[in-house]
Amino acid sequence: MARINMLQAINSALDITLAEHDNAVVFGEDVGIFGGVFRATSHLQEKFGRDRCFNTPLVEQGIIGFANGLAAQGSIAIAEIQFADYIFPAFDQIVNETAKFRYRSGNEFNVGSLVIRTPYGGGIAGGLYHSQSPEAYFAHTPGVKVVVPRNAYQAKGLLLAALKEPDPVIFFEPKRLYRASVGEVPEGSYELPLGKAEIVKNGEQVTVLAWGAQMEIIEKAVEMAEKDGISCEVIDLRTIAPWDFETVVQSVLKTGRLVINHEAPLSCGFGAEIAATVQEKCFLYLESPIIRVCGPDTPFPLIHEKEYMPDHLKTYEAIKRSVNY
Amino acid sequence: MARINMLQAINSALDITLAEHDNAVVFGEDVGIFGGVFRATSHLQEKFGRDRCFNTPLVEQGIIGFANGLAAQGSIAIAEIQFADYIFPAFDQIVNETAKFRYRSGNEFNVGSLVIRTPYGGGIAGGLYHSQSPEAYFAHTPGVKVVVPRNAYQAKGLLLAALKEPDPVIFFEPKRLYRASVGEVPEGSYELPLGKAEIVKNGEQVTVLAWGAQMEIIEKAVEMAEKDGISCEVIDLRTIAPWDFETVVQSVLKTGRLVINHEAPLSCGFGAEIAATVQEKCFLYLESPIIRVCGPDTPFPLIHEKEYMPDHLKTYEAIKRSVNY
Amino acid sequence: MLNPNNVTVSVVNQPHFIENGALEIPMYQVLNEQGDVIEGAQVPDIDKETALRIFDTMQFVRVLDDRMIAAQRQGRISFYMQCLGEEAAITASAAALGDTDMIMSQYREHAALHYRGFKLEQFMNQMFSNEKDLGKGRQMPIHYGCKELYFATVSSPLATQIPQATGYAYGQKLAGKKECTLCYFGEGAASEGDFHAGLNMAAVHKVPCIFFCRNNGYAISTPASEQFAGDGIASRGLGYGIKTIRVDGSDALAVYHATQLARKTAVEDNAPVLIESCAYRLGGHSTSDDPSGYRSKDEEKQFGSSDPLVKFKHWLEQKGWLDAQDEQVKLEELRKEILAAVKVAEVIDKPVFEEMFTDVYAEMTPHLLEQMNELKAHIKKYPEAYPVTSGRIV
Amino acid sequence: MLNPNNVTVSVVNQPHFIENGALEIPMYQVLNEQGDVIEGAQVPDIDKETALRIFDTMQFVRVLDDRMIAAQRQGRISFYMQCLGEEAAITASAAALGDTDMIMSQYREHAALHYRGFKLEQFMNQMFSNEKDLGKGRQMPIHYGCKELYFATVSSPLATQIPQATGYAYGQKLAGKKECTLCYFGEGAASEGDFHAGLNMAAVHKVPCIFFCRNNGYAISTPASEQFAGDGIASRGLGYGIKTIRVDGSDALAVYHATQLARKTAVEDNAPVLIESCAYRLGGHSTSDDPSGYRSKDEEKQFGSSDPLVKFKHWLEQKGWLDAQDEQVKLEELRKEILAAVKVAEVIDKPVFEEMFTDVYAEMTPHLLEQMNELKAHIKKYPEAYPVTSGRIV
Ligand SMILES: Cc1ncc(C[n+]2csc(CCOP(=O)(O)OP(=O)(O)O)c2C)c(N)n1
Ligand SMILES: Cc1ncc(C[n+]2csc(CCOP(=O)(O)OP(=O)(O)O)c2C)c(N)n1
Ligand SMILES: [Mg+2]
Ligand SMILES: [Mg+2]
């Protein structure tokens, strides 16, 4: 165990995987000698050579197209998209190819050994194009799995699990926590389960749910609420697709209330799916409407970042509204 | 008034627009002399010349990139994407450019005069790649408007309105109705409002909501349900973004029940947003959980198309479940 | 690298523009219109067995296409695409590969699959979406794929296979196998961004990949002249620093030779090669298409003259490798076999209902399990409404 | 069209591969390293006023860049990008345009905007995201845009402006205006699918567009040698059938002349032109970047020698158009002006909170209205948490 940050944890997961598997390859824009613009791939080229860790030309659709082919061939393809905002040129390769590779071929071929890593989210003064949280687009895309870690420990364990998973995974990394999230992380290999939410804190009156960087936001809000005497259950969804509805439903059956938080715009964000499912499965148990605390339906504005963010205060207010309904 | 089909209605809207505006341009794959693979653009090149209606090279990202530029210049850009399944290579141009053009420039520039037309949906034995309904992706994208007509009359009126709208519009055309939907359509120009749902039928016990080609499906289901003595209110949403939550909420406040139908996969489909919003706004009035009758979370399978489709029987069963909860 | 900008360094002091025509890209031909070897032409090393296997495949596909178009007209299958006029381009290129070289195709290249050994009934099972289809009936007719034969499953979105071929070939190189990937695509698909991505990455990362562009003059109704303004697709090769050749796609020998040489470059030098094969698309785009809406019979006559089968047959006969007498009998037999295979395939059961939910993920998720069970109960309630599957739901 | 395949028709009977080096693409230069006109070089028609305006802009930008990098280090702005080494390429190309020609840029081309007349305070207002920013504070620093000056707002996603430039130019042609669009992008951005789309469509649809590629040897840390394997970006022009020229990007006269000629072709022949301008990126990619992580000081020294300002200044002095004496005074004044402008801009109010919701659509939708009102109430409740806007919420 050592105290390291999330970038180091991710780097370690990649390092372990490249060392274990000769056919594991890391690639993307600037991931080579430079180690990526955030340095998540530092030293990998040095250690494993230019064949196993390399810069690609600047073309996201090519990176994912290449990754699909490489994974279909049987290699472990680990692609980096420099910012989640730049995943959209690769959208066709992901939605029409990655997600449907196994299904359309009747399992003759698959790209299960593909992991796409990409930093997402706001809070770094990135404006419209260095702040987006596009997980909902992929949650509407059967065939891919979507994972978002909340801290260094989770990041390494979930990434190692994603790399073993026989399905393609999009791994969204909360970039504002890259250096900020520091914690005890085992040096060796370990895995945390995909498709399983984690109850971070037990509580009675209201379930508060988020994922990734928003976890620390809701935890802060919950702290405030508990001071008011509101007992909150806190859930980290961890995997967005397929999401662990059972854990969430169990929790809401108990608390009768649900507050969901995400950074992406409200409309048709993943919070909508959670709310729609939970209202159906917990109908008779709900004490108040499910509340979503999300980004508004605007692009991400630089100067009004604070106003835009679904922060702890907005979440705290929502918890109170939920309980006092 | 003449009885024409949806393709003719669309063709007429385009014809009127090209005749009225010298700077209106129609383009896309095979839309020129051939008139498009579905013939929605028949005779337009003949009438208005190759400068005003033309084939593009086979590159969707180029078509929408070109369209964004052309609209920014001030022309009326009317782009066709041959199948909605092939809109994904243009996803970046739509999500990062079209949708954010006005916002990011502080209204210095805009692409409000852009309309993207594209046939969507299943029911024509098209399998994975000629059947998709991707409207939810765009509903999660602030800055674009999304419209889906249910018949020939609606198609012409909504398309003409979309062409006048000062915002970019994605116009999804239900391709299985192209020839099947025949009705009285005025020869001249007329507009139907964007952002307004239509109550197609009044009822008391349950609100049944859909859009586009699924309207005839829910109408069939409602017919069955009414024979059982269930009074249904039927709503055609018409505009997906921004959607008319007021009309829907008013209806559910009255009926206390809601069944939503869409072809796209259930998870994070637009039904999720409707359900999430309605449970919040109608919480105390809901008599039973909101039910979504949707495509399952799989790619669109050719041979199991019937099984896949959220058909009238599934909808009928859902209506009964909703009422008998 | 010459310098940080990676450009040549010669200097001029007058503004000099490069224009169309600056570089001649001739077309490689071995056979003339009749099928005689052109004087002075280099005939590739080809043995009798290979030559006959190529010819057999070309014939097979010609007859198959003809019969399946008829079957589509009769409403027995929903859709079909033929390769009329392009049989030599596809078959001879596939023949120049090793058995374990990967083929990634667009959709008009079933000849390559047949050459590899895909059986008549396998074609049929796919087209009739029955339970023996390797693709489990999920895709439209002609979307074949077969892992055993190293033929990637066809995917309708155009050009997506191009960067995938680059990635696949990279994996082959990494594994140290002396294998390559051959990627087919049309001149229309070459307009997609994925083409640019795939070729550029292949050149930069030095992968053993052959990019085989079938320039057949049309993308549905769009003529090549409205698709690009350069000199074919070959003129792009230089821009990527990829070795490039243009061949007459109706000439099986030229295609075979060019592909042989390309394979050698790919495998021995770990370098991609671009082949532009020109052969007019003689038929409609697909059974949904009617070319009379966009091109004249005259044009079809003028450019459809050079039938690859006639040419290659003539050459085989001259070599004394083919016995012209058998021809009619053989074709008649083939027709019968195909018709018989249609009849078998169309009555084979369709895939069971559960196959709708498998293969979305390696293992079915709880969500899908729930959805599957709900649907099962529903079908049991209304079996007549779902005749394809209800009979076998228990 | 030559034939349906749209290819040249010459035939060879031996397989002949086209390879790198088949076509020489020299670089156009007028000035040598010192700034002397190379013997025999064609000097473009340029008047004193234009030449001095180019030089003034180059100087302005050099000083602005220097000062704003310092401001970023001091934490006054969050981010900056300089164009060190590329001042001539950007300024001289912009100078060759008409006032109403559209400019679509990548991000490193603020020199073009200054040349057009964008004022110092306008730059500042954008960088400080204050309420006078034309972009309403929504984008990161250096994402300028100005309708009045025909300069499209910068958008971070790379290469998206390339097909947009094609479309914009198509609109100009349709409107019958004798105008063109100039589109700037880096050699890295040229790898994107949108590059391929934009250039191919421009050639096919014959639009008056100049594609100006700044090949500066790097895309962040990725050297050109890992970006492409052909001969620069110019070698792609032929593939699209686009007239193409390569120029020395540190040579203001060569760039000016090439762009002048390109504009003539664009506007008079309705034909696109590709210009590849080579000038080494002397500085870091942005203030977030540290080049020492991926390139040597040696390399920087070797290729950074030819300073476009030094060269152009030398030429101007030789012409007798520039008075060397004033130089230092002028630069000092500029620095002061800039510092003063920083101080003004940084204290101007930020855009009011409502601007977060405007311009998503032409008119605010009911959804946004609801969200805005909710947020307003929230901010009123917690004003200290939203100091940027709470003060002006009523
Ligand atoms: C991304 C995408 N866009 C559009 C289509 C529809 N489409 C199918 S085939 C075709 C034409 C392809 O032409 P080409 O690549 O020249 O191949 P050919 O049919 O001539 O063999 C088009 C436009 C598609 N399948 N995928
Ligand atoms: C689609 C997209 N992918 C990645 C990035 C991140 N990014 C910003 S600038 C840059 C390098 C661009 O290099 P080049 O085009 O050569 O321009 P230069 O910076 O050298 O002027 C990258 C990768 C981006 N902005 N957009
Ligand atoms: Mg073609
Ligand atoms: Mg560069």
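What you are looking at is a predicted structure, and each value in this text was computed from that prediction instead of being measured. When reading the values below, keep in mind they use all heavy atoms of this one structure, side chains included, and skip hydrogens, waters and symmetry mates. Per chain, numbering begins at 1; letters A, B, ... match sequence-line order.
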Problem - Engaged part of D:S156 at the chain B interface, taking heavy atoms whose separation is under 4.5 Å - result: neither
Fill in the blank from the handout: One should read off an interatomic distance between B:K100 NZ and D:D359 CG, to the nearest 0.5 angstrom, of 14.5 Å
Fill in the blank from the handout: Applying a strict 4.5 Å limit to non-hydrogen atoms, the region of B:D167 in contact with chain D is side chain
Problem - Shortest non-hydrogen contact from B:F109 toward D:T153 - result: CD1-OG1, 3.5 Å
Problem - Option that, when pairs with chain D are counted at under 4.5 Å, heavy atom only, ranks first among B:N23, B:D22, B:D51 - result: B:D51
Practice task
Using a 4.5 Å cut-off on heavy atoms from C-beta on, say whether the side chain of D:H196 contacts that of B:V59.
Solution key: no
Fill in the blank from the handout: Correct closest heavy-atom pair for D:H205 and B:N55 would be CE1-O, 3.1 Å
Handout entry: D:K147 atom NZ, neighbour heavy-atom count above 12 within 6.0 Å
Key = no
Problem - Selection from D:G137, D:P351, D:G193, D:A165 maximising heavy-atom pairs under 4.5 Å formed with chain B - result: D:G193
Handout entry: Which atoms of D:H143 approach chain B - backbone, side chain, both or neither, heavy atom under 4.5 Å
Key = neither
Handout entry: Options D:V154, D:D194, D:T358, D:V207, ranked by heavy-atom pairs under 4.5 Å with chain B, top entry
Key = D:D194
Problem - Nearest heavy atoms of B:Q61 and D:A197, plus distance in Å - result: CG-CB, 4.2 Å
Practice task
Step through the shown structure and confirm whether more than 12 heavy atoms of other residues, nucleotides or ligands are within 6.0 Å of NE2 on B:H43.
Solution key: no
Exercise for the section: Tell me, for D:T166 versus chain B, whether the close heavy atoms (under 4.5 Å) come from the side chain, the backbone, both or neither. Expected result: both
Practice task
Would you confirm whether the ring centroid of D:Y170 sits within less than 6.0 angstrom of the ring centroid of B:F27?
Solution key: no
Handout entry: Interface moiety of D:E370 toward chain B, non-hydrogen atoms closer than 4.5 Å
Key = side chain
Handout entry: Interchain contact, D:M356 with chain B, by part (heavy-atom threshold 4.5 Å)
Key = both
Fill in the blank from the handout: Given D:K173, D:Q161, D:K136, the one with more heavy-atom pairs under 4.5 angstrom with chain B than any other is D:K136
Problem - Whether D:H367 and B:F245 hold their rings parallel, tilted or perpendicular, with breakpoints at 30° and 60° - result: perpendicular
Problem - Contacting region of D:F195 [heavy-atom separation from chain B under 4.5 Å] - result: neither
Handout entry: Gap separating the CG atom of D:L134 from the OG atom of B:S105, nearest 0.5 angstrom
Key = 9.5 Å
Handout entry: Contacting moiety of D:V204, where chain B heavy atoms sit under 4.5 Å
Key = side chain
Fill in the blank from the handout: Taking a cut-off of under 4.5 angstrom between non-hydrogen atoms, the residues of residues 62-81 of chain B near chain D are B:G62, B:I63, B:G65, B:F66, B:N68, B:G69, B:L70, B:A72, B:Q73, B:S75
Exercise for the section: Would you confirm whether D:Y361, through its side chain, and B:P242, through its main-chain N or O, come within 3.5 Å as a donor-acceptor pair? Expected result: no
Practice task
Check whether any side-chain heavy atom of D:S155 lies under 4.5 Å from a side-chain heavy atom of B:R104, and answer yes or no.
Solution key: yes
Practice task
Would you indicate whether the side-chain heavy atoms of B:F101 and D:Q164 approach each other to under 4.5 Å?
Solution key: yes
Problem - Part of B:V25 lying under 4.5 Å from any heavy atom of chain D - result: side chain
Completion exercise
OG1 (B:T56) and CG (D:N200) are apart, to the nearest 0.5 Å, by 10.0 Å
Practice task
For D:E363, look at atom CD and say whether over 12 heavy atoms of other residues, nucleotides or ligands are found less than 6.0 Å away.
Solution key: no
Practice task
Check each atom of D:A202 against the heavy atoms of chain B and say whether the ones under 4.5 Å are side chain, backbone, both or neither.
Solution key: neither
Practice task
Answer yes or no: does atom CZ of D:R392 have more than 12 heavy-atom neighbours from other residues, nucleotides or ligands under 6.0 Å?
Solution key: yes
Exercise for the section: For chain D, find its close neighbours in residues 86-99 of chain B: heavy-atom separation under 4.5 Å, sorted by number, or none. Expected result: B:D92, B:Q93, B:N96, B:E97
Completion exercise
For B:G106 and D:R138 the tightest heavy-atom approach is CA-NH1, 3.5 Å
Problem - Closest non-hydrogen atom pair between D:L174 and B:R52, with its separation - result: CD1-CD, 4.4 Å
